[in-house]
Engineer: 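Pasting in a structure now, in structure tokens, and then I'll have a few things to ask.
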Amino acid sequence: MSLTHNFSAGPAKLPEPVLERAQAELRDWQGRGVSVMEISHRSDAFMALRNQAEDSLRALLAVPDDYDILFLQGGATLQFAMTALNLSTPTDTIDFAITGSWGRKAIAEASRFATGHAAATLDFDGLVPDVEAWSLSEQAAYCHYTPNETIDGVEFHVTPKLPDDVPLVADFSSSILSRPIDVSEHALIYAGAQKNIGPAGLTVVILRRALMPARRDGIPELMNYQVHSQAQSLRNTPPTFAWYLAGLVFEWLQAQGGLDVMAQRNQQKAELLYRALDASEFYTAPVPPLARSRMNVIFRLTDESLQKRWLAEAEAAGLLGLKGHRSVGGLRASLYNAVSLDSVRVLVDFLTDFEARCG
Ligand code: PMP
């Protein structure tokens with residue numbers, strides 16, 4: 001077992017058995033005498049890998065048959081524009097539920113291509129208002145939300161139930177595969193890979209096939225969902241190694257027992273950490289319990305002058321990636337699927353020990 005406990009927000013920890021397998025197979029994949037990075041993305045062997053990865057992801061998330069799964073590039077950030085370009089026209093309004101930094105970036109980018117409307121923001125208590133209180137537009141092209149805000153540590157604990165005719169689009173970058181989700185409640189889901197899927201460089205999009213073709217002409221070919229769908233995500237050279245690693249992560253998740261098991265583990269890890277923070281006056285966890293993320297736990301030292309020392313000592317103890325995002329400061333522990341309960345226990349012991357010494 002590694003002596004380092006990696007709480008990085010992304011790129012983030014990958015499951016150790018996945019790294020071991022990739023290491024073992026690196027120079028000689030499937031007895032071919034070459035690595036998976038060195039073969040054609042159009043070879044039968046890579047096509048089999050591609051299909052296997054899609055089948056595993058489809059099974060893990062119980063993706064309905066009328067949805068396509070695309071393996072793209074450009075990160076979640078490109079999806080801010082790509083969703084708008086494919087699902088709206090220039091005269092449309094797009095609704096956004098904004099619960100943190102990524103939602104703000106999503107509306108800013110989409111507003112370059114249509115009218116972005118903030119239909120909901122966090123209320124005075126830091127909670128997501130009920131859907132009945134959202135100011136939805138008359139005929140929004142779609143409504144976008146961020147199920148888990150990675151920087152702010154705010155998570156939706158239930159999927160917002162919108163009127164049937166409003167397609168729901170979700171940026172699941174930092175909570176996909178952390179628990180089961182009902183894909184059919186969404187028109188489109190996207191996620192950058194570098195948290196719960198695999199290494200950076202791959203972006204997964206799951207979309208209802210009826211959303212294609214794009215609602216406007218003239219968009220770049222590689223930003224057109226239908227182009228990727230028809231080419232089985234092989235319109236141009238894909239990030240083959242990232243795709244391979246994602247496939248190994250999906251297999252690992254299936255071997256763990258799937259997303260019900262992951263949800264249970266993730267709940268346990270988050271509870272352990274929030275309980276320790278709430279029990280102490282030395283630390284504060286500012287997000288109200290009903291909106292707390294199970295993936296990104298945001299906290300602060302009450303005496304912030306101790307933060308630099310806290311981080312240095314944490315790193316010396318093998319606890320990495322705990323600095324909050326540069327835009328908000330403070331501390332953040334990301335508890336993605338590959339982070340074990342044991343690592344969270346080590347973090348809690350460190351929190352307690354530091355407080356005992358410096359509190
Ligand atoms: N949305 C969310 C929720 C994220 O956490 C991130 C990255 N941390 C992004 C979007 C942007 O992703 P990328 O860097 O892959 O474009």
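Just so you know, ligand 1 is whichever comes first in the structure, and atom 1 is the first atom listed for that ligand. Computation of the quantities below employed the complete heavy-atom set of this structure, encompassing side-chain atoms and omitting hydrogens, waters and symmetry-equivalent molecules. Counting from 1, the numbers follow the sequence of the chain as shown.
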Engineer: Is the Trp310-Phe282 ring centre distance short of 6.0 angstrom?
Structural biologist: no

Engineer: Where on Ser173 is there a heavy atom closer than 4.0 Å to ligand 1, on the side chain, on the backbone, on both, or on neither?
Structural biologist: side chain

Engineer: Against ligand 1, does Lys195 come closer than 4.0 Å with any heavy atom?
Structural biologist: yes

Engineer: Need the ligand 1 atom indices (1-based, order shown) with element for anything under 4.0 Å from a heavy-atom of Gly75.
Structural biologist: 15 (O), 16 (O)

Engineer: Using a 4.0 Å cut-off to any heavy atom of Ala76, which atoms of ligand 1 qualify?
Structural biologist: 9 (C), 10 (C), 11 (C), 12 (O), 13 (P), 15 (O), 16 (O)

Engineer: Under a 4.0 Å heavy-atom limit, does Thr150 contact ligand 1 with its side chain, its backbone, both, or neither?
Structural biologist: side chain

Engineer: Taking distance alone, with N or O pairs closer than 3.5 Å, would you say Thr77 contacts ligand 1?
Structural biologist: yes

Engineer: What do you reckon, are the aromatic ring centroids of Phe96 and His144 less than 6.0 Å apart?
Structural biologist: yes

Engineer: With a cutoff of 4.0 Å, is Gln194 in contact with ligand 1, counting heavy atoms of the residue only?
Structural biologist: yes

Engineer: May I ask you to identify the nearest protein heavy atom to atom 1 (N) of ligand 1, giving residue, atom name and distance to one decimal place in Å?
Structural biologist: Asp171 OD2, 2.6 Å

Engineer: Tyr190 and Phe172: aromatic ring centres closer than 6.0 Å?
Structural biologist: no

Engineer: To check your reading of the model: name the closest protein heavy atom to atom 7 (C) of ligand 1, its residue, and the distance in Å.
Structural biologist: Trp102 CZ2, 3.5 Å

Engineer: Under 3.5 Å, is there a donor-acceptor pair linking the side chains of Asp68 and Ser229?
Structural biologist: yes

Engineer: Quick one: closest heavy-atom pair of Leu70 and Ser233, and the distance?
Structural biologist: CA-OG, 3.4 Å

Engineer: Considering all heavy atoms of both residues, which atom of Pro180 and which atom of Leu259 are nearest to each other, and what is their separation?
Structural biologist: CD-O, 3.6 Å

Engineer: For the pair Phe156 and Tyr145, name the ring-plane relationship: parallel under 30°, tilted 30 to 60°, perpendicular over 60°.
Structural biologist: perpendicular

